[in-house]
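Heavy-atom basis, side chains included; hydrogens, waters and symmetry copies ignored. Atoms within each ligand, like the ligands themselves, are counted from 1 in listed order.
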Amino acid sequence: MTTENIATAATAALSTRAIHAGQEPDPTTGAVSTPIYMTSTFKQDGVGGLRGGYDYSRSVNPTRTSFDKQLAAVEGAKHSISFASGLAAIDVLLRATLKPGDAILLGNDVYGGTYRLLSKVFVPWGITLDVVDITDPTAVSAALAQRQYAYVWVETPSNPLLSITDIAATAALAHAHGTKVAVDNTFASPVLQHPLQDGADVVVYSTTKYIGGHSDVVGGAVLVDDDKTAEKVAFLQNAAGAVPSPFDAWLEIRGLKTLELRVKQHSKNALAIAQWLEQHSEVEHVWYPGLESHPGHDIAARQMHGGFGGMISIQLAAGGEAARAFAGATKIFTLAESLGGVESLVEHPAAMTHASVSGTTLEVPDNLVRLSVGIEGVDDLIADLDQAFAAIAQ
Ligand SMILES: *Cc1c(COP(=O)(O)O)cnc(C)c1O
């Protein structure tokens, strides 16, 4: 057995898979780190004489293949297909598998960009989009009984309110109606949550976030077990071209190798900070699935393994103005969109990541502040939040 075979076995530990799957040392030189194959095209040994199937880098590139094998092994999925962004992954998945006249049932708390893509691009293309509280099985059942949906689209934990959906229960409901379940697993990452094992049909990632993990690359991926779906997605990826560059793929490979270590530390730091915030008089509400006060805590405790992730949202008692001031008053937490990097970030969703859902049923509270808790020393992070509360109280 080669290292690769051992590392891709589902019985290998997640970190073993992350470090070795798809990472066989370069056959020519023995390079331990996968080379960045910065080439658009590949020499053919006579017409059609491809070496290892490589012809043109929109279709296939060895660095990307290495990342796809690595992420598929970490997820325990048969196929992983990587993209130039998370939204490109979602776009290609849906265009490859839907046709005008089909319908999607969407949760009422999702990443603003996902809602923008669905409502502003897919609806005009002829897709029906219905929005429900996806965490509520009664509401999901009622919707499924009303209309035939191609997909139930689940984000859990959701962005930005960290609501929790029971993946297995939702899959059971959806499958009874011949509907597929797609899970955006970006917040949990493959370390904490395994939607395919829980019954979902498709997993998507913005690999920009925890998988890349260092705020230095934008990327996405679609993961499925079903060969036909993978074939359709790969076909449209090649036909339309939203591929990650070899360098992007290399950054994702490097990030994924340390994902488990990082996510466990993100989760540990976030839990300590959420517990501290819950005691703070300036804070009206803390949204973190690791807190017993969270309405989805019991499901999260069952469905997430080894932590509850690094994302926390808080609502400030003093309102929207205070939330904006707070987001600008931290010193270690950097005011910026995005999440999942080693460094802590803070943002005001209503004006930033979720500005595109303003005025819709997905609108987020104006007094909400979202924290992406990094892996710095937790005492330094708490001290930073404390000084920001003090600064805005003056
Ligand atoms: C960021 C994000 C996306 C979009 O990914 P990009 O890489 O920015 O295109 C999709 N879903 C969730 C949950 C996200 O946080």
Side-chain angles (χ1 to χ4, degrees), residues 67 71 80-95 104 106-122 134-135 151 153-165 167 181-193 195 200 202-223 237 240-245 248-249 251-252 255-256 259 263 266 270 287 289 304 308-313 336-341 345-349 352-357 362 364 368 370-373:
F67 174 50
L71 183 54
S80 175
I81 301 154
S82 55
F83 287 87
S85 73
L87 284 176
I90 295 170
D91 173 49
V92 168
L93 167 69
L94 294 178
R95 276 194 294 136
I104 298 175
L106 180 72
N108 60 357
D109 187 57
V110 298
Y111 174 62
T114 302
Y115 182 71
R116 180 176 54 204
L117 175 66
L118 295 177
S119 63
K120 299 269 170 60
V121 178
F122 278 86
I134 210 89
T135 68
Y151 284 106
W153 193 271
V154 175
E155 241 184 62
T156 183
S158 66
N159 184 353
L161 287 173
L162 287 315
S163 61
I164 299 293
T165 300
I167 296 168
V181 174
V183 175
D184 183 333
N185 206 34
T186 299
F187 271 34
S189 92
V191 171
L192 301 181
Q193 191 165 271
V202 189
V203 170
V204 298
Y205 286 108
S206 168
T207 58
T208 312
K209 315 294 169 52
Y210 288 101
I211 290 172
H214 297 73
S215 305
D216 53 11
V217 61
V218 173
V222 172
L223 291 97
Q237 178 190 52
V243 293
S245 78
D248 293 345
L251 288 167
E252 304 282 12
L256 182 50
L259 182 70
V263 165
H266 281 291
W287 298 100
M304 300 177 78
F308 297 92
M311 299 302 295
I312 302 173
S313 285
E337 298 198 0
S338 200
L339 60 113
L345 302 179
V346 59
E347 67 121 0
H348 183 250
M352 295 170 64
T353 49
H354 289 71
S356 63
V357 298
L362 282 79
V364 298
L368 193 75
R370 193 188 74 180
L371 303 174
S372 172
V373 176

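Side-chain contact, Ser82 with Glu252: no donor N or O sits under 3.5 Å from an acceptor N or O.
In this view, Ser245 and Phe247, Asp248 satisfy the side chain to side chain contact (heavy atoms under 4.5 Å, CB included) rule, not counting sequence neighbours. For Glu155, there are no salt bridge (charged side-chain N to carboxylate O under 4.0 Å, His left out) partners at least two apart in sequence or on another chain. Listed by chain and residue number, Glu343 satisfy the side chain to side chain donor-acceptor pair (under 3.5 Å) test with Ser215 (two or more places apart in sequence, or in another chain).
Screening Asn159, Val364, Leu368 for a side-chain contact (heavy atoms from CB on, under 4.5 Å) involving Ser313 leaves a single residue, Leu368.
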N/O contact list for ligand 1, threshold under 3.5 Å:
residue, atom, partner, partner atom, Å
ligand 1, 5 (O), Ser206, OG, 3.0
ligand 1, 7 (O), Gly86, N, 2.9
ligand 1, 7 (O), Ser206, OG, 2.8
ligand 1, 7 (O), Thr208, OG1, 2.7
ligand 1, 9 (O), Gly86, N, 3.0
ligand 1, 9 (O), Leu87, N, 2.9
ligand 1, 11 (N), Asp184, OD2, 2.6
ligand 1, 15 (O), Asn159, ND2, 3.3
ligand 1, 15 (O), Lys209, NZ, 2.8

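A heavy-atom distance below 4.5 Å is found between the side chains of Val204 and Trp153.
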